[in-house]
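A short write-up of the structure that comes next.
A note on names: the letters A, B, ... follow the listed sequences, proteins ahead of strands, and every chain is numbered from 1.
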Amino acid sequence: MSNLDQAPDFIRTIVAEELANGKWQGRVITRFPPEPNGYLHIGHAKALAIDFGLPAEFGGRCHLRFDDTNPTKEEQEYVDQIMADIRWLGFEWGAHLYYASDYFEQLYQWAVQLIQAGKAYVDDLTAEETRDYRGTLTEPGKPSPCRERSVAENLDLFARMRAGEFPDGAKTLRAKIDMASPNLNLRDPVMYRIRKAAHHRTGDAWCIYPMYDWAHGQSDSIEGITHSLCSMEYEDHRPLYDWFLDALGIYHPRQIEFARGNLSHTVVSKRKLLQLVNEGIVAGWDDPRMPTLAGLRRRGYPPEAIREFWKRVGVGKTPNLIQVGLLEHCVREELNQRAPRMLAVLRPLKIVIDNYPADQVEQLVAVNNPEDPAAGTRQIPFTRELWIEQTDLMENPPKKYFRLAPGAEVRLRYAYLIKCVSVVKNERGEIVEAHCTYDPTTLNSNPTDRKVKGTIHWVAVPFARPAEIRLYDHLFLSPKPDEAEDWKAQINPHSLERLTNCYVEPALAAAQPGAHVQFERAGYFCADTDSTPTQLIFNRTVSLRDTWGKIEKAEAADK
RNA sequence: UGGGGCGUGGUGCAGUGGUAGCACACCAGACUUUGGAUCUGUGGACCGAGGUUCGAAUCCUUGCGCCCCAGCCA
């Protein structure tokens, strides 16, 4: 797609150096470790691009591992959806599909090993007490009364925890590290909690479940991961992972942290996304306004554009807020290359070409994609009555308006030059129809005696197919909705405009759901999942760059 | 205020001792049967203060600012 070669980011630089020095015996094995408790979103796409992209460059591989250590939040449905989304984005894990839950027994044995070494203990503190004992950012914690239990007692208690003798929350297994550590993660972190809940994969086999911190590093170790890539928030956890791996005496991957990519005008927190869905603010997880991969797909964002976007953003460690405009640029760039051009009228206004024979139909030749000669041409019918865009006709046009107006001449795309002779208005003074004349000599040529600057699109009335077109805009008005006092107050009331009275050219009747198309002069659109030949529905993926719109806005601002 | 991380044009990234680059955005122009695309050009940045050096975005000192951490979530 893009051939601009960027400087390697700091992670690639590190890996390249290691490989040059013979570290890892040439292996580069990463993993993408989602929790199956929600949908993947645009931010995950960055991690995906890094986790799968890095080994692809160095001849390694990336594992897909579900971090399914919390049965109360995870479901098979999410597992399936996540796999589908990753494949759609263009990444493949082959045979390397894993689950943290596959390691539950090994993790249990390792926990026993830590207890035997005097490095873990069973604690009776409640959740609230545990918090109180942990101390604060500035004050050290204090040891639990259970901290000095004997190895034998701990072993016995832990076995009984597994056996289901204690109710939920009654006991935990904790690592015995340092209650005074300035790094809160080292203040005797919980390794196991009791949860008498069925797990989507292990069923009722377990009633104690490992915490993420206890499971993650060891899972990476088991799989022989060389580079555990994760976001900056885990930098504070690295000393803990190292402590576990050292205490166990097992293989150490190298963890490298990078900054997550934050998108402007967007929220991605699971809680907020869920709220948007549950409160009916959007139509579902795959609503085209959602930042989920499912939503972006339905909106018409090509996976190539999403990958290119993250490639251009790069990888760093700085907290960031990326303008959503860059993503939209990447979408336009991709679609410009491959989306067939079509004519569609969003807000129709009928024009009658008075000097064109009433029963005549001409088949005119239209170019399918000026960026791709191989896309060929098609025929479009031309008749005396046409639909044009309401915004393409003004009775009293401002300066620099190149479209239709009484007395003004304009080019009909792929057809003739027409001149507006009169307009018909309703009782409210709105233009409901216009009469024009055409110049029969201007079909594939321009007159030499005058210059016509504007070109507008149209659809022949007798052949037009009705369609619904959904215009989407940013879901949030504010670039940083998360920082607003009330994030929901930032929701754009016009994020969806449904136009139900649109007309599209006949060829569009065959558009398959998911098909990308450019409606000339309007934008890139995508046939919706629910679109059928008799009930056409198109989603606006992104508008075309709109120079005229910009001029209009600027002049409106001047007044 | 304990610990960790980070400060380069509006935004995102390069540059780690030798004239500060790229992309998006912005502005201007060329071209155009999409006010699309394409092409050309302009403007604009090293968080501050000291210091080392012939020379500092880069090294040192110090100050300031932003982000993350006190789930039996991941």
Check: How long is the line joining CD of Glu139(A) and C1' of rG2(B), in whole Å?
Finding: 10 Å
Checklist line | Partner nucleotide of rC66(B) by Watson-Crick or wobble geometry (both distances under 3.5 Å) | finding: rG5(B)
Margin query: Between C1' on rC13(B) and CH2 on Trp310(A), what's the gap in Å once rounded to a whole number?
Written below: 13 Å
Note to self: Closer than 4.0 angstrom, basic N to acidic O: yes or no for Lys553(A) and Asp546(A)?
What the structure shows: no
Check: Which residues within residues 365-382 of chain A lie with some heavy atom under 4.0 Å of an atom in RNA chain B?
Finding: Pro370(A), Glu371(A)
Check: Tell me: CG of Asp236(A) to P of rA74(B), nearest whole Å?
Finding: 17 Å
Protein-nucleotides 41-48 of chain B N/O pairs closer than 3.5 Å?
none

Notebook entry, point to check: Quick one: Asp188(A) CG to rA70(B) C1', roughly how many Å, whole number?
Noted result: 14 Å
Notebook entry, point to check: Once you round it to whole Å, what is the distance between C1' of rU11(B) and NZ of Lys480(A)?
Noted result: 11 Å
Notebook entry, point to check: Is it true that Glu235(A) and Arg238(A) have a side-chain N and a carboxylate O under 4.0 angstrom from each other?
Noted result: yes
Check: Mind checking whether Tyr503(A) and Trp387(A) have parallel, tilted or perpendicular rings, split at 30° and 60°?
Finding: parallel
Notebook entry, point to check: Hey, does Tyr192(A) reach any base, or is it just sugar-phosphate, or nothing, if we go heavy atoms under 4.0 Å?
Noted result: nothing
Next item on the list: If rA57(B) has a Watson-Crick or G-U wobble mate with both distances under 3.5 Å, name it; if not, just say none.
Entry: none
Next item on the list: Report yes if a donor N or O on one partner sits less than 3.5 Å from an acceptor N or O on the other, where the partners are the side chain of Glu233(A) and the base of rG5(B); otherwise report no.
Entry: no
Check: Roughly, in whole Å, what's the span from CG in Asp546(A) to P in rG36(B)?
Finding: 8 Å
Margin query: From the set rA70(B), rU33(B), rC67(B), return the single nucleotide nearest to any side-chain atom of Thr455(A).
Written below: rU33(B)
Check: To the nearest angstrom, how far is Leu544(A) atom CG from rU38(B) atom P?
Finding: 11 Å
Margin query: My understanding is that a pair needs two contacts under 3.5 Å, Watson-Crick or G-U wobble. By that rule, which nucleotide pairs with rU16(B)?
Written below: none
Next item on the list: Taking only the side-chain heavy atoms of Lys317(A) (C-beta and beyond), determine which of rC73(B), rG12(B), rC6(B) contains the nearest atom.
Entry: rC6(B)
Item checked: Presence of donor-acceptor pair under 3.5 Å, side chain of Arg403(A) and base of rG35(B) -> yes
Check: Quick one: does Val15(A)'s side chain get under 4.5 Å of Glu57(A)'s, heavy atoms only?
Finding: no
Margin query: Quick check: any donor-acceptor pair below 3.5 Å linking the side-chain of Asn183(A) to the base of rG4(B)?
Written below: no
Notebook entry, point to check: Taking the chi torsion of rG71(B), is it syn (within 90° of 0) or anti (everything else)?
Noted result: syn
Margin query: Side chain of Leu321(A), heavy atoms from C-beta onward: which of rG12(B), rC73(B), rG35(B) has the nearest atom to it?
Written below: rG12(B)
Checklist line | Earlier contact from the 5' end, RNA chain B, for Thr130(A) and Asp9(A) | finding: Asp9(A)
Next item on the list: I would like to know whether Tyr99(A) and Val79(A) meet side chain to side chain contact (heavy atoms under 4.5 Å, CB included); could you show each step before the answer?
Entry: CA-CA 10 Å; Tyr99(A) 295 84; Val79(A) 171; 3.7 Å; yes
Checklist line | Selected nucleotide, minimal atom distance to Met232(A) side chain, candidates rC73(B), rG5(B), rC24(B) | finding: rG5(B)
Check: For rU38(B), what is the paired nucleotide under Watson-Crick or G-U wobble rules, both distances under 3.5 Å?
Finding: rA30(B)
Notebook entry, point to check: Can you find a heavy atom in the side chain of Ile82(A) that is under 4.5 Å from one in the side chain of His44(A)?
Noted result: no
Next item on the list: Just compare rG4(B), rU34(B), rA74(B) and give me whichever is closest to any side-chain atom of Arg413(A).
Entry: rU34(B)
Next item on the list: Please state how far atom CZ in Arg193(A) lies from atom C1' in rG71(B), giving the value in whole angstrom units.
Entry: 9 Å
Margin query: Regarding rU33(B), can its base be found pairing with the side chain of Arg411(A) as donor and acceptor, where the two atoms are less than 3.5 Å apart?
Written below: yes
Item checked: Paired nucleotide for rC24(B) [Watson-Crick or G-U wobble; both distances under 3.5 Å] -> rG10(B)
